[in-house]
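As structure tokens, the structure follows; a few thoughts come after it.
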Amino acid sequence: MDPVKLVEGYKFDDHTTSDLRVCFKLIDEQPEWFSCHSSVLSQNSKYFADWLAQNDVRSNNCIEIECPRVEYDHYVKMLKLMYLPRESVIDSFDSVKSAVGVLRASKSLGCELVTKSCIEYIEAASWDEKEEEEILEVARTLGSEEVSLLARLQAPSADTVKNVFISAIRFATCMESPFPPFLDDLKTSAQEQIDFMIHEDDETALVTTDEDVKSVVQEGLRKLLGALRTALDLLSTEFDQSPDQAEQRILCSLADIDWIVNLLAKIEMMHDFVSCWSEISDHILSVVQDKKYISGLWAVKAKLIEVTGKALDAVGYGSVVLPSSSRVHILKTWLPYIQMTKRFLDENSKNETSLQMDSDLSQNIESAIVSMVLALPSDDQADILSEWMKQAEQFRYPDLTEAFEVWCYRSKTAKRRLVGGLNGGSNPTVSL
């Protein structure tokens, strides 16, 4: 490497040619004096230029500057950097922490060249979280110079956020085919960052209402559900070769679906999931309830309850509005499966290594089912409640006692309440 060219040929702390001494005074410590040159200091620092304009070096060639102890090394380095040409200043930094410290010092003494070099170095370097906080703090003192320093932290435009969000969705849902297995970790990271982007963020919330974004989310949902269907279709063959691997493939698919369901709930698109899930429910259950898997696939069976529980919750509490026929279909399709699977999981609960259904999940699903039953036409309620009571000895879950009591009360008072309330008791055409 070529030797560094010195400004005006002067060397820092060379007492043989210097005409000025500078010290950064520390409280209760012996001051250290540095031999400097007035021409170099006045050329590179407004502070020194002003001091030299007001003082005669021949009569007073000592400048004392008070300096915080923690900043001492940065002030000294800043003084040394004044003796280097611009291109060499940037090369002298070896860390963001050092550059930030020198930046504070150079800003306080009006060293424009050093300040700009610090900003260029920091702007091009990578920061950790602690360093970023220090940079933000010092940037507030820079005025217009902070623009380039903080460019990476500026809030992006709505179009930029939209484009990144769409790309992340496509990646998180394996939309690009084929999707190499080694990218699974990156897919998980994309899912986590999408969750972070939409968490209590009004600006991102505006992006998620964009029709292009919704279209991509819908496409991602279809992609994931299609992947689940494919995994189920291949299950029989793969299960014979490697049961654990076959089960894991379906579990991964369900985990992706579970993730996008959480996303859909946050951006008010649960109707898309519930509709699609209802359409493929019969196919899902026809596969996993095959006698071939009667004593296996318990992780898959439990995960199916968890995912289905979110559909039941959305319908049961009104965030997704469906015709009564669709609600009846969902209940009659999944209720027997949930009852059977829950019973087997409970029977094996004494085994610490066995899967168990989370108590909060059980309670939430039970509450959602009760809400769904209570919102059905009375005849549909009667069908479901009758079947539930027939199976009560075998399946104690879910407890539909509340729904049964409400149905009985409504049935008992239905004619009086409806006829009297709607027609004043005078219209004989209204009858139950």
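Bear in mind that the values here come from a model prediction, so they are computed numbers and not experimental data.
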- Item | Short side-chain to backbone donor-acceptor contact, S371 and Y317, under 3.5 Å | no
- Message: How long is the straight-line distance from CG of D195 back to CG of L263, given to the nearest 0.5 Å?
- Response: 7.0 Å
- Task: Please examine the side chains of V406 and V373, heavy atoms only from C-beta on, and report whether any two atoms are closer than 4.5 Å.
- Result: no
- Out of curiosity, R104 CZ to L142 CG, how far, rounded to the nearest 0.5 Å? 11.0 Å
- Under the salt bridge (charged side-chain N to carboxylate O under 4.0 Å, His left out) criterion, do K223 and E219 qualify, and how do the steps go? CA-CA 6 Å; K223 177 73 174 180; E219 185 181 352; over 6 Å; no
- Item | Salt-bridge criterion met for K46 and D50 (N-O under 4.0 Å) | yes
- Aromatic ring centroids of F48 and W51 under 6.0 Å? no
- Would you say D91 and L84 make side-chain contact, with heavy atoms under 4.5 Å? no
- Query: Does any non-hydrogen side-chain atom of F273 lie less than 4.5 Å from one of V307?
  - Reply: yes
- Report, as yes or no, whether the 6.0 Å neighbourhood of atom CZ on R86 holds more than 12 heavy atoms from other residues, nucleotides or ligands. yes
- Message: Contact between L322 and V320 at the side-chain level, heavy atoms closer than 4.5 Å - yes or no?
- Response: yes
- For the residue pair Y72 and F34, categorise the inter-ring angle as parallel (less than 30°), tilted (30 to 60°) or perpendicular (more than 60°). tilted
- Message: Any non-hydrogen side-chain atom of I166 less than 4.5 Å from a side-chain atom of K162?
- Response: yes
- Message: For the backbone of V138 and the side chain of T141, can you confirm whether one donor and one acceptor N or O come within less than 3.5 Å of each other?
- Response: yes
- Sole residue of E71, K77, K80, K107 in side chain to side chain contact (heavy atoms under 4.5 Å, CB included) with V102: K77
- Task: Taking S167 for its side chain and N163 for its backbone only, find out whether a donor-acceptor pair lies under 3.5 Å.
- Result: yes
- Message: Using modelled atom types and a 3.5 Å cut-off, is there a donor and acceptor pairing between side-chain atoms of D380 and backbone atoms of L376?
- Response: no
- Message: Between S108 and Y47, is the side-chain hydrogen bond (donor to acceptor under 3.5 Å, both in side chains) condition met? List the steps.
- Response: CA-CA 8 Å; S108 69; Y47 175 89; over 6 Å; no
Validation: residues 92-101 side-chain donor-acceptor distances under 3.5 Å, sequence neighbours left out:
unit_1: S92; atom_1: OG; unit_2: V89; atom_2: O; d: 2.5
unit_1: S95; atom_1: OG; unit_2: S98; atom_2: N; d: 3.1

- Query: For residues D159 and S157, is any side-chain donor paired with an opposing acceptor at under 3.5 Å?
  - Reply: no
- Query: Around E137, counting heavy atoms of other residues, nucleotides and ligands shown, do more than 12 lie under 6.0 Å from its CD?
  - Reply: no
- Item | Nearest-0.5 Å distance that lies between atom CD1 in I194 and atom CZ in F171 | 10.5 Å
- Side-chain (D258) to main-chain (L254) donor-acceptor, under 3.5 angstrom: no
- Task: Take W127 and E134 through the test side chain to side chain contact (heavy atoms under 4.5 Å, CB included) and record every step on the way to the result.
- Result: CA-CA 10 Å; W127 313 332; E134 292 184 37; over 6 Å; no
- Query: What closest approach, in Å, do M78 and V114 show between heavy atoms, and which atom pair accounts for it?
  - Reply: CG-CG1, 4.3 Å
- Query: Counting N and O atoms only, with roles assigned by atom type, does the side chain of S253 sit under 3.5 Å from a partner on the main chain of I250, one being a donor and the other an acceptor?
  - Reply: no
- What are the two closest non-hydrogen atoms of Y397 and E366, and how far apart are they? OH-N, 3.4 Å
- Look at the rings of W334 and Y337 and say which category their plane angle falls in: under 30° parallel, 30 to 60° tilted, over 60° perpendicular. perpendicular
- Query: What are the two closest non-hydrogen atoms of C67 and L26, and how far apart are they?
  - Reply: O-CD2, 3.2 Å
- With distance as the sole criterion, is a donor-acceptor pair present between the side chains of T237 and Q241 under 3.5 Å? no
- Query: So, do I330 and V274 sit near enough that their side-chain heavy atoms are less than 4.5 Å apart?
  - Reply: yes
- Task: Output the distance between atom CD1 (I294) and atom CE (M340), rounded to the nearest 0.5 Å.
- Result: 8.0 Å
- Message: Looking only at the aromatic ring of each residue, does the gap between the centers of Y83 and Y10 stay below 6.0 angstrom?
- Response: no
- More than 12 heavy atoms of other groups within 6.0 Å of Q391 CD: yes
- For atom CD of E87, decide whether the heavy atoms of other residues, nucleotides or ligands shown that lie under 6.0 angstrom number more than 12. yes
- Passes salt bridge (charged side-chain N to carboxylate O under 4.0 Å, His left out), K332 versus E387? Steps please. CA-CA 10 Å; K332 289 189 174 181; E387 190 63 29; over 6 Å; no
- Item | Atom pair CG/CH2 of D379 and W407 - distance to nearest 0.5 Å | 8.5 Å
- Task: Please lay out, stage by stage, how D256 and Q191 fare under the test side-chain hydrogen bond (donor to acceptor under 3.5 Å, both in side chains).
- Result: CA-CA 9 Å; D256 288 339; Q191 293 176 352; 3.2 Å; yes
- Between T115 and S106, is a side-chain hydrogen bond (donor to acceptor under 3.5 Å, both in side chains) present by the stated rule, with each step listed? CA-CA 6 Å; T115 296; S106 65; 2.9 Å; yes
- Query: S45 and M82: which non-hydrogen atoms are nearest, and at how many Å?
  - Reply: CB-CE, 3.9 Å
- Message: Please evaluate residues E112 and K116 with respect to the criterion salt bridge (charged side-chain N to carboxylate O under 4.0 Å, His left out), reporting the C-alpha separation (whole Å), side-chain torsions for both, the decisive distance (0.1 Å), and the verdict.
- Response: CA-CA 6 Å; E112 184 177 346; K116 288 182 177 179; 3.0 Å; yes
- Indicate yes or no: at least one non-hydrogen side-chain atom of V22 is less than 4.5 angstrom from one of L41. yes
- Decide if atom CZ of F404 counts as having more than 12 heavy atoms of other residues, nucleotides or ligands within a radius under 6.0 Å. no
- Query: Among K342, K310, M357, E306, whose side chain to side chain contact (heavy atoms under 4.5 Å, CB included) with I365 holds?
  - Reply: M357
- Message: For a quick test of reading the model, state the closest non-hydrogen atom pair linking P398 to W388 and the distance between them.
- Response: O-NE1, 2.9 Å
- Query: So, does R327 use its side chain to make a donor-acceptor pair with the main chain of A375 at under 3.5 Å?
  - Reply: yes
- Task: Kindly compute the distance separating CD1 (I90) from OG (S117), expressed to the nearest 0.5 Å.
- Result: 4.5 Å
- Kindly determine whether T209 and K214 satisfy side-chain hydrogen bond (donor to acceptor under 3.5 Å, both in side chains), including the steps that lead there. CA-CA 7 Å; T209 61; K214 286 186 175 183; over 6 Å; no
- Query: Does the T413 side chain pair with the main chain of Y409, one donor and one acceptor, at a distance under 3.5 Å?
  - Reply: yes
- Task: Would you check if S378 and R410 make a side-chain contact, meaning some heavy-atom pair closer than 4.5 Å?
- Result: no
- Query: Distance-only, no hydrogens or angles: does the D128 side chain make a donor-acceptor pair with backbone N or O of E131 under 3.5 Å?
  - Reply: yes
- For the student: nearest non-hydrogen atoms of A299 and E247, plus distance: N-OE2, 3.2 Å
- With a cut-off of 6.0 Å (strictly less than), are more than 12 heavy atoms of other residues, nucleotides or ligands near CD of E268? no
